[in-house]
Novice: 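One structure, as structure tokens, below. Some questions next.
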Amino acid sequence: MGEGYGPVLVARDPVEPERLAGRRIAVPGRFTSATLALGLFLSSFEPVYTPFDRITDAVKAGRVDAGLLIHEGQLTHGEEGLHRVADLGAWWREETGLPLPLGVNAVRRDLGRAAMGRVAALLRESIEFALEHREEALEHAMRYARGLDRALADRFVGMYVNERTVDMGAEGREAIALFLARGRERGLVPAAPELDFV
């Protein structure tokens, strides 16, 4: 959950968001929460599906008009000379008062309630263990930090691995339902079955 922060829309030069309508924007994948959030934010754009770690370069090289950054790019785009157009997590919070859903684990219903509950319990146990052993977890994560210094990596990890990760609460469940409903209303998400939370 993005607590007032989330994917960041950037461009080479300062630009108002509405000027990007209909333009080529690098996004991290067709079926990502980031791309859905952008589709709710902008009336129209031409998505250019780009691996998330290559979006900054695509924007800098002018291959696209803007890019939607996830992961550490949310924090480092200024160092790359890019300008923030919008933070979609901040926009969503202002729009709805809710956190922006960005990732969730799913489990098949046909496994049965007992197995679904066990999967949920194991995930919770793993997340709680990581939070209780934050320094060791951060040390492990540094192998995948793509050049981030430890302080910035620690800040990024704290943004997305926290108590909301352990339990999204009623507000998180409401945010997911609203996010998907708005996506369906705009024709960005196919009809989906009713959500159950384990």
Side-chain angles (χ1 to χ4, degrees), residues 1-10 27-29 31-41 51-53 55-56 67-80 84-107 116-183 189 195-198:
M1 296 282 170
E3 299 283 351
Y5 49 80
V8 175
L9 182 62
V10 298
V27 296
F31 298 111
T32 63
S33 56
T35 301
L36 175 56
L38 183 59
L40 296 175
F41 177 73
F52 77 90
D53 58 345
I55 291 176
T56 298
L68 187 59
L69 302 179
I70 60 172
H71 295 290
E72 68 279 353
Q74 296 170 267
L75 302 175
T76 60
H77 63 274
E79 297 167 12
E80 299 282 342
R84 180 181 299 209
V85 176
D87 181 318
L88 299 185
W91 164 78
W92 179 258
R93 172 71 81 185
E94 185 176 304
E95 181 85 5
T96 67
L98 296 167
L100 178 63
L102 294 170
V104 67
N105 294 305
V107 61
M116 291 175 3
R118 183 70 179 136
V119 167
L122 288 170
L123 287 170
R124 182 185 188 108
E125 184 180 316
S126 175
I127 295 162
E128 287 174 338
F129 183 88
L131 287 171
E132 291 166 8
H133 299 88
R134 185 176 171 88
E135 284 304 312
E136 297 102 311
L138 184 59
E139 189 62 41
H140 174 76
M142 287 304 297
R143 290 185 249 177
Y144 310 99
R146 289 182 289 276
L148 284 184
D149 66 41
R150 188 177 180 87
L152 201 55
D154 186 50
R155 179 176 165 207
F156 180 74
V157 167
M159 290 167 66
Y160 295 110
V161 184
N162 50 51
E163 289 307 314
R164 184 80 79 179
T165 314
V166 175
D167 182 355
M168 72 177 77
E171 191 179 57
R173 292 186 291 278
E174 180 185 352
I176 291 171
L178 181 61
F179 191 54
L180 293 174
R182 288 197 177 176
V189 174
L195 297 175
D196 292 327
F197 293 92
V198 182

Novice: Once rounded to the nearest 0.5 Å, what's the spacing between atom CG of Leu88 and atom CG of Leu38?
Specialist: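 Rounded to the nearest 0.5 Å, the CG-CG separation comes to 6.0 Å.
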Novice: Out of curiosity, Trp91 CH2 to Glu94 CD, how far, rounded to the nearest 0.5 Å?
Specialist: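 If I round to the nearest 0.5 Å, the distance is 10.0 Å.
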Novice: How long is the span from the CD atom in Glu3 to the CE atom in Met159, to the nearest 0.5 Å?
Specialist: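 Between atom CD of Glu3 and atom CE of Met159 there are 10.5 Å.
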Novice: May I ask you to decide if Gln74's main-chain N or O and His77's side chain share a donor-acceptor pair within less than 3.5 Å?
Specialist: yes
Novice: Side chain to side chain contact (heavy atoms under 4.5 Å, CB included) for Phe179 and Val189? Distances and angles first, verdict last.
Specialist: CA-CA 10 Å; Phe179 191 54; Val189 174; over 6 Å; no
Novice: Leu195 and Arg173: side chain to side chain contact (heavy atoms under 4.5 Å, CB included), yes or no, with the steps?
Specialist: CA-CA 9 Å; Leu195 297 175; Arg173 292 186 291 278; over 6 Å; no
Novice: Determine the minimum heavy-atom distance between Thr96 and Arg182, stating which atoms define it.
Specialist: CG2-NH1, 3.7 Å
Novice: Measure across Thr35 and Pro28 and return the closest heavy-atom pair with its distance rounded to 0.1 Å.
Specialist: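 Taking Thr35 first and Pro28 second, the nearest heavy atoms are OG1-CD, 3.9 Å.
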Novice: How long is the span from the CG atom in Leu131 to the CD atom in Glu163, to the nearest 0.5 Å?
Specialist: 6.0 Å
Novice: What is the minimum heavy-atom distance between Ser33 and Leu102, and which atoms define it?
Specialist: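 Heavy atoms of Ser33 and Leu102 come nearest at OG-O, 2.7 Å.
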Novice: Does a side-chain heavy-atom distance below 4.5 Å link Leu100 with Pro7?
Specialist: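 Yes, close enough: below the 4.5 Å cut-off.
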Novice: For residues 116-125, which side-chain donor-acceptor pairs fall under 3.5 Å, sequence neighbours excluded?
Specialist:
residue : atom : partner : partner atom : Å
Arg124  : NE   : Glu128  : OE2          : 3.1

Novice: Please round to the nearest 0.5 Å and tell me the distance separating atom CE of Met1 and atom CD1 of Ile176.
Specialist: 4.0 Å
Novice: When rounded to the nearest 0.5 angstrom, what is the spacing between CD in Glu174 and CE in Met168?
Specialist: 12.5 Å
Novice: Determine the minimum heavy-atom distance between Glu135 and Arg150, stating which atoms define it.
Specialist: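 Shortest heavy-atom contact: OE1-NH2, 2.8 Å.
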Novice: Quick one, Glu95 with Phe41, criterion side chain to side chain contact (heavy atoms under 4.5 Å, CB included). Give me CA distance, side-chain angles, the key distance, then yes/no.
Specialist: CA-CA 10 Å; Glu95 181 85 5; Phe41 177 73; over 6 Å; no
Novice: Phe52 vs His71 aromatic rings, parallel, tilted or perpendicular, using cut-offs 30° and 60°?
Specialist: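 Phe52 vs His71 ring planes: tilted.
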Novice: Could you tell me which non-hydrogen atom of Leu98 sits nearest to which non-hydrogen atom of Trp92, and how far apart they are?
Specialist: O-CD1, 3.2 Å
Novice: Give a yes or no answer on whether the side chain of Asp87 reaches the backbone of Gly6 with a donor-acceptor pair at less than 3.5 Å.
Specialist: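 Between the backbone of Gly6 and the side chain of Asp87 there is a qualifying donor-acceptor contact (under 3.5 Å).
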Novice: Is the number of heavy atoms from other residues, nucleotides or ligands under 6.0 Å of Phe197 CZ greater than 12?
Specialist: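 Yes, enclosed.
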Novice: Identify the heavy atoms of Leu68 and Leu9 that sit nearest to each other, and give their distance.
Specialist: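 Minimum heavy-atom contact is CD1-N, 3.9 Å.
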